[in-house]
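Here is the structure we will look at, set down as structure tokens.
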Amino acid sequence: MGFQHFWEEHVVLKPKPGSFGADDPLAIMYTNEDMDPIKRKDRTYAWYQMGLFWIAEGFNAAQLQVPSSAFSLGLNPGLCVLACFVGNTIVSVPCAASGYLGSKLGTNFPGTVRASFGMQGSKWAMIVRAVPCIIYYGIQVSLAGQAVQACTTAIWPSFAHWKVNAIPASANITAQQILCFVIFWLLSLPFLYLPIKTLRYLFVAKSVLVPLYWTAMFTWSITAVGGFPDVWRMPSVPLDGMSIGYLFGICANAAISGNATFAVNIMDISRHSKSNKAAWVTQLFAVPILVTLTELLGCTMAVASSILYGEVQWNPLVVINSFENRPGKFFAGALFVFFNIMTNVTGNSVPLANDLTGLFPKYINIRRGQFICAVVSFAICPWEIQAKATTFLAFMGAYTLFLGATTGVMMTDYFWVRRGYGINISHLFKPRGIYWYNYGCNWRAFVAWFVALAAFIPGMVHGMGVKITNKGILNLYSWNYVLVVVFSGLLYYVFTTISPVPVRTDDEDLGKLYLVDGLEPEIVNGVPSSYEGNTDQGSEPEKRGFKSGDISESASVLV
């Protein structure tokens with residue numbers, strides 16, 4: 001039995017006399033089967049599968065491009081890799097916190113964010129997260145289209161000359177690339193049918209293939225240029241008047257932004273984790289190690305291209321398309337196709353689908369949301385973002401800003417403001433409960449969100465082409481994620497101190513008891529017994545008339 005059905009039967013349609021929402025039809029508009037918290041007994045992800053997720057998600061063309069983009073702008077390769085490690089270490093902390101939240105509550109991002117932004121205000125946070133998911137889905141399809149092109153030219157070399165001048169160069173895409181874009185887009189569609197609990201098997205498959213692929217490509221990068229050339233030891237020579245510190249900062253921030261989305265996205269996956277500890281410990285170790293290894297490969301490939309081809313090819317798919325060995329080109333491209341499908345599903349279509357489910361629970365579920373993501377991404381022009389390294393880094397840095405502000409508010413709300421009380425899962429689905437605040441919005445979260453962003457607006461518009469000469473502003477912006485998380489979190493804490501938010505509830509958290517703990521009430525005279533106190537202490541639920549079991553067998557008798 002889903003939470004929505006339980007809610008309609010026992011909280012909304014047949015409430016206790018005098019309880020809130022007795023005749024409120026809006027209460028059934030906040031959940032559906034995919035929004036329901038997941039029972040502990042129904043979770044399928046083991047601890048190692050939570051760790052393997054970062055091989056499955058972290059190895060993708062966009063991550064490979066982060067250090068190579070900075071290298072193409074003049075930063076020393078060694079500093080590029082170091083910047084990536086620093087960025088990945090930083091972002092692993094909010095990823096771990098978010099992973100813990102998802103496993104603890106069994107809720108996804110749209111459900112959890114209601115506690116901090118409000119039942120209606122949370123829709124803003126969902127939209128903020130949804131927009132980059134669409135754009136990033138398109139970028140990954142564009143990149144993987146180049147992998148399809150490598151496979152095709154390996155089989156039919158003449159494809160490299162097919163319709164060469166059919167599209168103007170100003171379009172930043174060729175006829176071959178458009179065709180390959182469509183092919184990969186179509187190849188991805190069957191994977192959107194797979195439920196999240198099934199994806200863990202594909203995580204394992206990719207985790208076996210990635211180390212082999214990494215070793216082969218790294219060996220090529222080193223042997224093709226006779227080891228580590230002198231460029232690894234040469235000083236940085238920043239382009240366009242940039243400072244080394246600024247380039248280091250934007251490289252670290254770009255590494256953060258590649259995973260910053262998972263500081264809010266990972267709970268969509270970790271809610272399936274059997275263990276709360278595994279949901280956060282794996283993030284702390286997997287992100288800095290596994291993702292940095294991916295970026296190390298991207299940097300060595302960029303260095304090799306600068307020696308072999310006379311210019312830095314910061315896009316690894318361009319390097320693969322330059323291979324003369326046809327079997328090598330085919331297999332390198334084919335594996336990239338599979339890798340990017342996995343990345344796109346877990347990193348972009350699933351989060352967007354969750355957001356659309358939270359925005360329109362009556363009409364959209366996870367599967368429908370994933371197909372909407374695919375269709376909308378087809379309509380944008382991601383190759384324009386890919387056209388220049390500066391544009392790519394600017395895009396990644398800009399959207400990190402918005403996600404960082406959301407992360408700061410959410411984590412401060414749970415770990416500082418509500419410490420000792422936690423989140424009432426039932427009230428995440430109740431209109432006019434403690435998370436209704438004012439007109440459905442928590443003004444403290446919104447003020448903290450927008451004020452924290454204000455300091456970084458000049459740096460953001462500079463990345464969009466508006467000339468800003470103040471070096472201090474630019475250097476500040478180069479670390480925008482770290483600073484915006486801190487600023488938004490501190491501001492939210494100050495506002496909640498001045499104007500406290502409700503953290504306690506008079507009623508029992510039925511969502512936790514029924515759906516997370518899997519407990520079942522003992523029926524007395526046709527009604528459930530009343531529940532008081534903290535259910536987390538020892539076997540107190542048993543003392544109050546609860547027993548382990550499946551609510552689906554007895555909930556129908558509750559009135």
Does any pair with a residue in residues 357-375 pass side-chain hydrogen bond (donor to acceptor under 3.5 Å, both in side chains), and if so which ones, sequence neighbours excluded?
Ser349-Gln370
Judged by atom type as modelled, is there a donor-acceptor pair below 3.5 Å linking the side chain of Arg444 to the main-chain atoms of Ile498?
no
Please check if the side chain of Thr292 supplies one atom and the backbone of Ile289 the other of a donor-acceptor pair under 3.5 Å.
no
Would you say the side chains of Thr107 and Thr112 form a donor-acceptor pair under 3.5 Å?
yes
Can Asn344 and Asn348 be counted as having a side-chain donor-acceptor contact under 3.5 angstrom?
yes
Starting at [atom1] of [X], measure out to [atom2] of [Y] and round the result to the nearest 0.5 Å.
X	Y	atom1	atom2	value
Thr496	Leu491	OG1	CG	10.5 Å
Ile425	Asp36	CD1	CG	11.5 Å
Gln140	Cys133	CD	SG	11.5 Å
Tyr435	Ser116	OH	OG	10.0 Å
Leu290	Thr294	CG	OG1	7.5 Å
Trp185	Leu187	CH2	CG	11.5 Å

Matching residue for Tyr492 among Thr497, Thr412, Asn442 - test: side chain to side chain donor-acceptor pair (under 3.5 Å):
Asn442
Those residues at least two apart in sequence (or on a different chain) that pass ring-ring contact (aromatic ring centres under 6.0 Å, His included) with Phe371 are Tyr193
Name all residues meeting the ring-ring contact (aromatic ring centres under 6.0 Å, His included) criterion together with Tyr213; count only those two or more places apart in sequence or in a different chain, and write none if there are none.
Phe59, Phe336, Phe339
Just grab all the salt bridge (charged side-chain N to carboxylate O under 4.0 Å, His left out) pairs involving residues 417-427, residues at least two apart or on different chains.
Asp413-Arg418
According to salt bridge (charged side-chain N to carboxylate O under 4.0 Å, His left out), does anything in residues 253-280 pair up with another residue at least two apart or in another chain? List the pairs.
Arg129-Asp268
For a quick test of reading the model, state the closest non-hydrogen atom pair linking [X] to [Y] and the distance between them.
X	Y	result
Tyr481	Asn253	N-OD1, 3.2 Å
Pro361	Gly358	CD-O, 3.6 Å
Met410	Phe109	SD-CE1, 3.4 Å
Thr407	Pro94	CG2-CB, 3.8 Å
Tyr437	Arg114	CE1-O, 4.2 Å
Gly404	Ser488	O-OG, 3.9 Å

So Val281 and Trp47, side-chain contact (heavy atoms from CB on, under 4.5 Å) or not? Walk me through it.
CA-CA 9 Å; Val281 171; Trp47 68 268; over 6 Å; no
I'd like to know whether Thr346 forms a side-chain contact (heavy atoms from CB on, under 4.5 Å) with Phe191, so could you lay out the CA-CA distance, the side-chain angles of the two residues, the decisive distance to 0.1 Å, and finally the verdict.
CA-CA 10 Å; Thr346 58; Phe191 291 87; over 6 Å; no
Which residues satisfy the side chain to side chain donor-acceptor pair (under 3.5 Å) test with Asn108, sequence neighbours excluded?
Asn354
For atom OH of Tyr421, is the number of surrounding heavy atoms from other residues, nucleotides or ligands below 6.0 Å larger than 12?
no
Where does the angle between the aromatic ring planes of Phe450 and Phe446 fall among parallel (under 30°), tilted (30 to 60°) and perpendicular (over 60°)?
parallel
Students often mix this up, so state it plainly: with edges at 30° and 60°, are the rings of Trp449 and Trp124 parallel, tilted or perpendicular?
perpendicular
Decide yes or no on side-chain contact (heavy atoms from CB on, under 4.5 Å) for Asn259 and Gln63, but give the supporting numbers first.
CA-CA 9 Å; Asn259 300 304; Gln63 292 289 359; 3.2 Å; yes
Would you sort out whether Arg40 and Asn276 count as a side chain to side chain donor-acceptor pair (under 3.5 Å), showing the intermediate values?
CA-CA 10 Å; Arg40 183 74 61 182; Asn276 292 347; 3.0 Å; yes
Are the side chains of Trp436 and Gln120 in contact, using a 4.5 Å heavy-atom criterion?
yes
Does the side-chain contact (heavy atoms from CB on, under 4.5 Å) test come out yes or no for Ile256 and Val482, once each step is laid out?
CA-CA 9 Å; Ile256 290 173; Val482 177; 4.1 Å; yes
